[in-house]
Amino acid sequence: MPDLSQIVKAYDVRGVVPGQLDDRLAELFGAAFATVTGAEAIVVGHDMRPSSPGLSRAFARGAAARGADVTEIGLCSTDQLYFASGSLGLPGAMFTASHNPAEYNGIKMCRAGAAPVGRDTGLADIRALVEEWADAGAPEPVEKPGTVTQRDVLTDYAAHLRSLVDLTAIRPLKVVVDAGNGMGGHTVPTVLEGLPVELDAMYFELDGTFPNHEANPLDPANIVDLQARVREVGADIGLAFDGDADRCFVVDERGEPVSPSAITALVASRELVRAPGSTVIHNCITSWSVPEVVREAGGTPVRTRVGHSFIKEEMARTGAIFGGEHSAHYYFRDFWNADTGMLAALHVLAALGGQQGTLSELVARYDRYVASGEINSTVDDQAGRAAAVKAAYSGREGLELDELDGLTVTAADWWFNLRPSNTEPLLRLNVEGRDAETVAAVRDEVLAIIRA
């Protein structure tokens, strides 16, 4: 039995296969998930990793053994699993390790309606049951086991997304999509079928060994091919999806990356036209431009912690129309408050195709500041180094400090956030300011303290 403290994270289960996660453990997680949720039926899907079909089937067996009827939707993106959970009203489990390397796999779980399962919303109870049953050998059988059936929801998923964004009247667009051998290669053709889009497909072959590059578009090394292709073919836009295709990263017509904060502001402005006065959620390290644009559009910005569980909880609490994160996760009220990079991509295509300008011209109004990007520092003492930074800035005139999520220090012309990683001995620094010189100066000062 592996140490579950190493693989049960804040929001999901993730580990090396088969060393940390195997069929037996997946079966126990299925049994525990069915028990903790009390569900009479659940839905299960998986990505293209070689280990995913077997792990998914094992999870389904475990859940059925506890009396739950299981609907297997097979190959799917994570947001396709959320669609199934929301539209069918069932708790769900998705087998994927998202952007992690090929040797990893994992389980993302949700309650009915795609509601999050995190450490404080069921994951700790699931872990406890798995540990108990692993020691005892197996859970007690139930009198009436559940059934396991198959269902394809891809067409319904695509139809739902397209019902939320009208692209029928946009001008023709040349679009390069890099699926990174991940699930975007499965979903994009169906979602974009019949639209006025000339699709240039890169790495659409489903291959969980990732032969071309890691399926993590936030790493600049993984979008080099996309950038070159956009420039080569004179495309209007480039889109890159991560391994489970729940995140979408955007490249403009010059091959330049578009900040996820700018995409958040763009989509928020569109959603606020549809629902004036609504709330929009943003995490504490999105750009200043996001709350500014939301207010200018007549909405109410609400700042929250980083992480999908926090975003989804705040979406539900406030009735927010939309939420965005710096990591290119985008959440929609009309998608059960869940994140879907594909729906965000459709909004960008609609905005771009609804006018004659270029994407760089379109997003310029939403990209108002200079950002450092996330800078990671490996440290022996996360708490000690963070405390040293706090001490250095406490009491300085004109600064505001808050600890909503890590430490945020805000001045008139800049801000920075310093957060500890939950899974690695890292401190993560983000800096934003009104000009590059200011950002560089603040960045260097904070890093000198962290790395002293």
Side-chain angles (χ1 to χ4, degrees), residues 3-16 20 97-101 104 106 108 116-121 123-124 127 216 218-219 242 247 260-261 281-288 290 302-314 323-329 339 371-396 399-411 414-433 439 442-452:
D3 181 0
L4 292 192
S5 67
Q6 299 299 310
I7 68 170
V8 178
K9 311 300 183 182
Y11 317 117
D12 58 13
V13 178
R14 198 181 330 129
V16 175
Q20 295 177 307
S98 185
H99 61 280
N100 285 276
Y104 283 83
K108 294 181 177 180
V117 171
R119 182 176 294 153
D120 300 325
T121 52
L123 193 55
R127 170 184 165 177
N216 179 14
L218 285 188
D219 182 341
D242 65 345
R247 290 188 296 157
S261 286
I281 308 297
H282 64 99
N283 70 27
C284 64
I285 53 178
T286 51
S287 171
W288 266 338
V290 174
V302 172
R303 180 170 171 265
T304 188
R305 296 178 63 182
V306 174
H308 82 270
S309 286
F310 301 117
I311 296 280
K312 290 176 181 176
E313 288 167 8
E314 200 68 3
E325 293 199 87
H326 75 296
S327 54
H329 281 285
D339 44 326
S372 67
E374 193 155 87
I375 304 167
N376 292 324
S377 300
T378 302
V379 294
D380 293 329
D381 179 10
Q382 284 178 318
R385 299 323 304 155
V389 173
K390 180 179 178 181
Y393 288 90
S394 295
R396 287 197 197 180
L399 298 185
E400 178 183 325
L401 279 66
D402 77 68
E403 296 179 89
L404 172 68
D405 193 354
L407 172 68
T408 300
V409 178
T410 303
W414 55 265
W415 62 267
F416 75 79
N417 174 270
L418 185 67
R419 298 165 42 249
S421 167
N422 288 324
T423 57
E424 300 172 273
L426 300 175
L427 286 175
R428 307 189 190 279
L429 174 66
N430 285 270
V431 185
E432 183 176 74
V439 169
V442 174
R443 175 199 65 204
D444 293 346
E445 183 178 59
V446 179
L447 287 177
I449 300 169
I450 295 170
R451 299 172 179 177

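Each residue takes its place number in the sequence, starting with 1.
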Practice item. With sequence neighbours excluded, tell me which residues meet salt bridge (charged side-chain N to carboxylate O under 4.0 Å, His left out) with K312. Key: D339
Study note, to complete from the structure: Residues passing the ring pair (Phe, Tyr, Trp, His ring centres under 6.0 Å) test with Y104, sequence neighbours excluded, are none
Exercise for review: Without swapping roles, check the side chain of E374 against the backbone of H326 for a donor-acceptor pair under 3.5 Å.
Suggested key: no
**Study point:** Check ion pair R247-E325 (N to O, under 4.0 angstrom)
**Key:** no
Review point. When you look at N283 and R305, which way does the side-chain contact (heavy atoms from CB on, under 4.5 Å) test go after all the steps?
Key: CA-CA 5 Å; N283 70 27; R305 296 178 63 182; over 6 Å; no
Review point. Does some side-chain heavy atom of T121 sit less than 4.5 Å from a side-chain heavy atom of E313?
Key: yes
Study note, to complete from the structure: Exactly one of D444, V446, V439 clears side-chain contact (heavy atoms from CB on, under 4.5 Å) with V442, and that residue is V446
Check your understanding: To the nearest 0.5 Å, how far apart are CD in Q6 and CD in Q20?
Key -> 7.0 Å
Practice item. Hey, could you give me the CH2/CH2 distance between W288 and W414, rounded to the nearest 0.5 Å? Key: 9.0 Å
Study note, to complete from the structure: CG of D242 to CG of L218, rounded to nearest 0.5 Å, is 8.0 Å
Check your understanding: OG of S327 to NE2 of H308: how many Å apart, nearest 0.5 Å?
Key -> 11.0 Å
Review point. Are any non-hydrogen side-chain atoms of F416 and I285 less than 4.5 angstrom apart?
Key: no
Revision key, fill the gap. Across all chains, not counting sequence neighbours, the salt bridge (charged side-chain N to carboxylate O under 4.0 Å, His left out) partners of E314 are R317
Study note, to complete from the structure: Those residues at least two apart in sequence (or on a different chain) that pass side-chain hydrogen bond (donor to acceptor under 3.5 Å, both in side chains) with T304 are none
Exercise for review: For P420 and G406, work out which heavy atoms get closest and say how close.
Suggested key: CD-CA, 4.4 Å
Check your understanding: side-chain hydrogen bond (donor to acceptor under 3.5 Å, both in side chains): which pairs involve residues 383-395, sequence neighbours left out?
Key -> K390-E403, Y393-E445
Point to revise | Non-neighbouring partners of D219 that pass side-chain contact (heavy atoms from CB on, under 4.5 Å), sequence neighbours left out | key: N216, A221, N222
Check your understanding: Which residue pairs satisfy the salt bridge (charged side-chain N to carboxylate O under 4.0 Å, His left out) criterion with at least one member in residues 3-14, sequence neighbours excluded?
Key -> D12-R14
Check your understanding: For the residue pair A328 and P260, what are the closest heavy atoms and their distance?
Key -> N-CB, 3.9 Å
Exercise for review: Sort out for me which residue in V409, L427, I375, T408 forms a side-chain contact (heavy atoms from CB on, under 4.5 Å) with L418.
Suggested key: L427
Practice item. For H282, enumerate each residue passing the ring pair (Phe, Tyr, Trp, His ring centres under 6.0 Å) test, keeping only those at least two apart in sequence or located in another chain. Key: none
Exercise for review: For residues S5 and R127, determine if any side-chain heavy atom of one lies less than 4.5 Å from a side-chain heavy atom of the other.
Suggested key: yes
Practice item. Would you check if L407 and V389 make a side-chain contact, meaning some heavy-atom pair closer than 4.5 Å? Key: yes
Check your understanding: Regarding R443 and S372, is there a side-chain donor-to-acceptor distance under 3.5 Å anywhere?
Key -> no
Revision key, fill the gap. By side-chain hydrogen bond (donor to acceptor under 3.5 Å, both in side chains), R428 pairs with (sequence neighbours left out) N376, S421
Check your understanding: Do you know which two heavy atoms are closest between S261 and S287, and how far apart they sit?
Key -> OG-N, 2.9 Å
Review point. Under a 4.5 Å cut-off applied to non-hydrogen side-chain atoms, are L447 and S377 in contact?
Key: yes
Practice item. Working to the nearest 0.5 Å, report the span between CD1 of I311 and CD1 of I281. Key: 6.5 Å
Revision key, fill the gap. Hits for side-chain hydrogen bond (donor to acceptor under 3.5 Å, both in side chains) against R119, two or more places apart or cross-chain, chain-then-number order -> none
Review point. Got V379 and I450 here, is their nearest side-chain heavy-atom distance under 4.5 Å?
Key: yes
Review point. Looking at residues at least two apart in the chain, or sitting in another chain, which of them share a side-chain contact (heavy atoms from CB on, under 4.5 Å) with A392?
Key: I449
Exercise for review: Could you pull out the closest heavy-atom pair between C284 and N417, with the gap in Å?
Suggested key: SG-ND2, 3.8 Å
**Study point:** Which residues share a side-chain hydrogen bond (donor to acceptor under 3.5 Å, both in side chains) with D402, sequence neighbours left out
**Key:** R303
